[in-house]
Asks: 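Encoded as structure tokens, here's the structure I'll be asking about.
Every chain is numbered from 1 and lettered A, B, ... according to where its sequence line falls, protein lines coming before strand lines.
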Amino acid sequence: MYRTHTCGELRINHVNETVTLSGWVQKIRNLGGMTFIDLRDRYGITQLVFNSETHQELCNQARELGREYVIQIEGNVAERSNKNTKIPTGEIEILVDQFTILNSSELPPFTIEDDTDGGDELRMKYRYLDLRRNMVRKNLELRHRMGFEVRNYLNSQNFIETETPVLIKSTPEGARDFVVPSRMQPGQFYALPQSPQVFKQLLMVAGFDRYFQIVKCFRDEDLRADRQPEFTQIDCEMSFVDQEDILNTFEGLAKHLFKTLRDVEIEGDFPRLSYEDAMKYYGSDKPDVRFGMKFVELSDLVKESGFKIFDEAEYVGGICAEGCAGYTRKQLDKLTDFVKKPQIGATGLIYIKYNTDGTVKSSVDKFFSSEKLLEICGSANAKPGDLVLILAGVRKKTLTALCELRLEMGEQLGLRDKNKFSPLWVVDFPLLEWDEDAQRFFAMHHPFTSPKKEDIHLLDEAPGKVRANAYDLVINGVEIGGGSIRIFNDELQQKMFSVLGFSPEEAEEQFGFLMNAFKYGAPPHGGVAFGFDRWVSLFAGIDSIRDVIAFPKNNAGRDVMIDSPSQVSSEQLEELNLALKLKEAALNK
RNA sequence: GGUCUGGUAGUUCAGCUGGUUAGAAUGUCGGCCUGUCACGCCGAAGGUCGCGGGUUCGAGUCCCGUCCAGACCGCCA
């Protein structure tokens with residue numbers, strides 16, 4: 001038997017028991033006549049003592065140990081004379097009688113501690129060592145518990161977890177597919193699913209009624225801190241539901257997860273915000289509503305002042321930063337630089353300081369009277385002591401920039417507390433969005449999303465105005481998930497394909513199986529999918545999803561530990577009927 | 001595809017306008033130490049300054065290219 005207890009469970013009431021422990025050597029403190037070793041496993045740390053007076057030989061052996069050696073010890077649990085209140089096992093220690101080295105270890109390239117000295121690159125290369133660290137392991141334990149609670153809740157609501165295939169078919173629209181060559185069908189390829197979308201709809205046709213799956217999805221697009229080429233979704237679909245039923249069901253899931261994983265009670269219904277209002281008040285379809293600072297449109301108020309920037313702007317909007325009237329020139333310059341960064345793209349920043357004495361000071365004093373500036377402050381709901389920040393320009397771009405500025409101010413003012421959670425549903429998304437390059441409409445959500453009944457008549461005359469039965473769950477400015485009520489009528493689906501520019505033949509070739517299925521009594525249905533990794537990282541209070549994934553890939557889609565992707569042998573290529581034709585840039589690598 | 005930041009000891013970093021032998025902390029190794037738990041004290045080893053080219057009497061430092069890593073824009077229904 002390798003162990004009778006784990007390294008995290010022994011307490012004062014175990015004193016005098018003889019125990020066997022196995023684990024890794026975390027730290028050796030050699031005091032000469034006496035040596036202490038911290039023995040670590042997943043469950044905790046237990047201190048071992050070697051005393052040269054009573055166990056000279058053992059003491060000598062203990063000195064031979066190194067960090068991360070795997071050892072097994074037998075000894076007696078004793079009460080410490082000097083207790084350590086910082087750890088749960090700190091009242092006891094093990095007087096070791098014998099020990100065995102189960103495995104030696106090379107010196108690890110970084111220290112296995114909470115505050116490691118390892119940089120990201122090293123930690124990824126030696127991920128199995130990084131995973132020994134509390135921080136990373138705790139994230140994965142949270143992930144485990146969350147998966148468990150998702151299953152618990154959805155099971156209690158009669159959902160059936162059903163697996164869907166991973167080798168499927170490439171379709172146009174949406175993200176770039178990962179493709180897998182078929183050996184048995186020369187020249188043909190499978191695609192890895194971007195989501196199990198059509199399968200879950202087919203399960204509804206099959207009468208499964210309530211489906212879910214915690215499932216890997218794949219998208220071959222460029223990565224970010226919160227985007228991996230393979231990621232996990234909580235994928236769900238329900239029959240005989242309208243939007244209201246879905247929002248209620250999954251609001252229930254969200255509340256259950258908040259309660260069980262973070263012990264947070266979310267009072268009342270999640271607020272709902274139309275896409276239009278989200279853009280108008282926050283410049284984003286995933287607003288962070290932990291704080292206010294809503295946009296105020298000032299376009300009409302500031303026109304014809306002779307200030308060219310405002311006069312020529314399609315949109316002028318501002319936010320009110322509470323209590324910031326005291327900002328120095330330096331701070332304001334820094335904010336100006338911030339909004340002028342190419343990624344944000346504003347041309348400049350206008351401010352009005354509403355001083356505590358009731359006076360105003362602005363960067364556009366030349367063009368506006370004090371009365372006018374006060375009026376602007378009034379519309380922006382500013383009170384003495386506040387600072388109004390204004391951007392102007394093309395509507396869409398300015399809203400986006402103002403969104404970034406708002407988030408930056410929220411950050412500076414400490415309004416984005418990681419332990420505060422503000423969920424909301426963003427609803428009434430547009431069904432379609434116009435693509436300038438392709439000169440056609442694309443489905444904003446996906447081609448199976450149903451238009452709002454009252455907007456269907458607009459499909460021909462003004463497709464861009466049609467709203468969809470689509471919704472996103474947004475928490476703290478992070479898009480946690482989204483979904484829609486689907487089209488379940490063959491005719492409407494064909495109509496949708498035609499608006500998207502598919503010929504009937506193309507639609508038949510790509511999605512014939514789905515439309516065919518819809519001919520056999522498809523129930524009304526709809527669903528939602530949540531980004532599991534993002535949700536876990538939100539609960540863990542971290543910004544990157546990499547640390548809630550056991551073996552993530554880097555920002556170039558590379559696994560630096562196993563060194564993938566990699567080349568395959570010419571025999572493998574031959575077998576797959578593939579020949580490589582590399583571009584020059586690829587050859588240089 | 002683009003923008004930005006970084007790459008110096010095992011590790012995390014410092015290294016100014018180019019100028020003597022490239023430093024600190026930590027880790028490692030050796031010695032001392034019987035109550036440590038960030039143990040302490042003494043000592044030692046440890047460097048292709050990512051790689052290639054250029055400018056210069058002289059390059060870790062400046063320039064060009066390139067590779068790697070990270071953040072972001074485009075992209076991601």
Side-chain angles (χ1 to χ4, degrees), chain A residues 26-39 45-56 59 63 66-67 78-87 89-91 93 95 106-126 129 171-177 194-195 197-198 217-229 231 341-345 397 400-401 404 429-433 435 437 441-449 468 470 472 479 482-484 496 500 529 531 543-544 546 553-556 558 560 585 588-589:
Chain A
Q26 170 76 24
K27 183 98 189 169
I28 303 173
R29 288 181 295 277
N30 183 347
L31 272 67
M34 186 165 253
T35 297
F36 299 98
I37 291 181
D38 287 340
L39 191 67
I45 282 182
T46 299
Q47 175 166 288
L48 314 177
V49 200
F50 296 81
N51 194 323
S52 64
E53 241 172 45
T54 52
H55 295 81
Q56 181 65 51
C59 239
R63 289 178 186 206
R67 269 162 49 200
E79 184 173 0
R80 291 197 197 184
S81 57
N82 275 357
K83 293 183 180 173
N84 183 350
T85 52
K86 289 178 198 159
I87 57 171
T89 61
E91 286 192 283
E93 61 194 353
L95 307 176
E106 282 191 20
L107 203 62
F110 53 87
T111 54
I112 315 290
E113 278 160 12
D114 287 356
D115 290 311
T116 183
D117 56 2
D120 284 352
E121 205 175 338
L122 260 187
R123 290 174 40 211
M124 286 306 160
K125 183 166 180 188
Y126 298 93
L129 296 181
T171 55
E173 300 262 321
R176 193 177 295 112
D177 284 318
Q194 296 174 27
S195 83
Q197 185 57 40
V198 292
C217 300
F218 307 85
R219 291 177 192 175
D220 188 7
E221 295 291 348
D222 286 2
L223 308 175
R224 293 286 188 281
D226 63 348
R227 272 165 28 195
Q228 285 273 301
F231 59 99
K341 281 197 299 189
Q343 294 94 321
I344 300 198
K397 204 171 170 185
T400 311
E404 294 297 333
F429 277 83
L431 182 70
L432 302 159
E433 85 195 310
D435 185 299
D437 296 335
F441 281 104
F442 277 83
M444 195 158 181
H445 188 56
H446 58 54
F448 318 112
T449 303
D472 276 359
E479 183 195 328
S484 63
M496 183 71 178
L500 290 172
D543 293 323
S544 169
R546 283 181 207 159
K553 292 179 173 54
N554 74 7
N555 66 353
R558 183 154 272 285
V560 294
N588 289 336
K589 285 200 175 183

Asks: Taking any heavy-atom pair under 4.0 Å as a contact, classify A:I87: base, sugar-phosphate, or nothing.
Replies: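 If one applies the 4.0 Å heavy-atom cut-off, A:I87 turns out to touch nothing in the nucleic acid.
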Asks: Return the pairing partner of B:C76 with a 3.5 Å limit on both distances, Watson-Crick or G-U wobble; otherwise return none.
Replies: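 Across all strands, not a single nucleotide pairs with B:C76.
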Asks: OP1 or OP2 of B:G70 sitting under 4.0 Å from any side-chain N/O of A:R546?
Replies: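 For B:G70, OP1 or OP2 has a side-chain N or O of A:R546 closer than 4.0 Å.
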Asks: Kindly point out which of B:C37, B:A69, B:U28 is positioned nearest to the side chain of A:E121?
Replies: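 Nearest to the side-chain atoms of A:E121, counting from C-beta on, is B:A69.
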Asks: Remember a base hit wins even if backbone is also touched, and classify A:N554 as base, sugar-phosphate or nothing at under 4.0 Å, heavy atoms.
Replies: sugar-phosphate
Asks: Under 4.0 angstrom, heavy atoms only, what part of the nucleic acid is A:E479 near: base, sugar-phosphate, or nothing?
Replies: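 Contact class for A:E479: none.
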Asks: Which part of the nucleic acid, if any, lies within contact of A:G119, taking any heavy atom under 4.0 Å across all strands shown: a base, the sugar-phosphate backbone alone, or nothing?
Replies: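 Since only primed, P, OP1 and OP2 atoms lie under 4.0 Å of A:G119, the category is sugar-phosphate.
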Asks: Less than 4.5 Å apart, any side-chain heavy atom of A:V560 and any of A:R123?
Replies: no
Asks: Can you tell me the pairing partner of B:U66 across any strand shown, Watson-Crick or G-U wobble, with both distances under 3.5 angstrom?
Replies: B:G50
Asks: When we call it a touch if two heavy atoms are under 4.0 Å apart, what does A:L31 touch: a base, just sugar-phosphate, or nothing?
Replies: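 Base contact - A:L31 has a heavy atom under 4.0 Å of at least one base atom.
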Asks: Return no unless some side-chain N or O of A:N555 is found under 4.0 Å from OP1 or OP2 of B:A69.
Replies: no
Asks: Under a 3.5 Å cut-off for both contacts, is B:G43 paired Watson-Crick or G-U wobble with anything, and if yes, with which nucleotide?
Replies: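 In the structure as shown, B:G43 has B:C29 as its Watson-Crick or wobble partner.
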Asks: Out of A:R80, A:K83, A:K86, which one pairs with A:E91 under the salt bridge (charged side-chain N to carboxylate O under 4.0 Å, His left out) rule?
Replies: A:K83
Asks: Can you tell which of A:Q26, A:R29, A:K27 makes a side-chain contact (heavy atoms from CB on, under 4.5 Å) with A:Q47?
Replies: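 Of all the options given, the one that passes is A:R29.
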Asks: Report the residue (A:R224 or A:M34) whose heavy-atom-nearest nucleotide on RNA chain B is the more 5′ of the two.
Replies: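 Checking each residue's closest nucleotide, the 5'-ward one belongs to A:M34.
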Asks: Taking everything shown except A:Q343 itself, do over 12 heavy atoms lie less than 6.0 Å from its CD?
Replies: yes
Asks: Under 3.5 Å for both donor-acceptor distances, Watson-Crick or wobble: does B:U3 have a partner, and if so which one?
Replies: B:A71
Asks: Answer with base, sugar-phosphate or nothing: what part of the nucleic acid does A:K125 contact at a heavy-atom distance below 4.0 Å?
Replies: nothing
Asks: Looking at B:G74, B:G35, B:C33, which one has an atom nearest to any side-chain atom of A:F36?
Replies: B:G35
Asks: So if I take every side-chain heavy atom of A:A225 and compare against B:C72, B:A38, B:U36, which nucleotide ends up nearest?
Replies: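 Among the listed nucleotides, the one closest to the side chain of A:A225 is B:C72.
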Asks: Between B:U34, B:C76, B:U36, which nucleotide gets closest to the side-chain atoms of A:E93?
Replies: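 Output: B:U36.
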Asks: If you only use heavy atoms from C-beta on, which nucleotide in B:C76, B:A71, B:C37 is closest to the side chain of A:D38?
Replies: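 For A:D38, the side-chain atoms sit closest to B:C37.
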Asks: Just name whichever nucleotide pairs with B:G23, Watson-Crick or G-U, keeping both distances under 3.5 Å, else none.
Replies: B:C13
Asks: Whether A:R67 contacts B:C29 is assessed here as follows: a side-chain N or O lying under 4.0 Å from the phosphate OP1 or OP2. Is that the case?
Replies: no
Asks: Across all strands, who's sitting opposite B:G58 as a Watson-Crick or G-U wobble pair, both distances under 3.5 Å?
Replies: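 Pairing partner, where one exists within any strand: none, as none qualifies.
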Asks: On RNA chain B, check which nucleotide each of A:T116 and A:D226 is closest to and give me the residue with the more 5' one.
Replies: A:T116
Asks: Is there a donor on the side chain of A:R80 or the base of B:C37 sitting less than 3.5 Å from an acceptor on the other?
Replies: yes
Asks: Categorize A:K86 for me: base, sugar-phosphate, or nothing, with a 4.0 angstrom heavy-atom threshold over every strand shown.
Replies: sugar-phosphate
Asks: Considering Watson-Crick and G-U wobble pairs with both distances under 3.5 Å, what does B:A38 pair with?
Replies: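 With both distances under 3.5 Å required, B:A38 matches none.
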Asks: Using the side-chain heavy atoms of A:R29, tell me which of these nucleotides is nearest: B:C39, B:U34, B:A38.
Replies: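 Side chain of A:R29 sits closest to B:C39.
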Asks: Need one value for A:E113: base, sugar-phosphate or nothing, where a base atom within 4.0 Å counts as base even if backbone is also close, heavy atoms only.
Replies: nothing
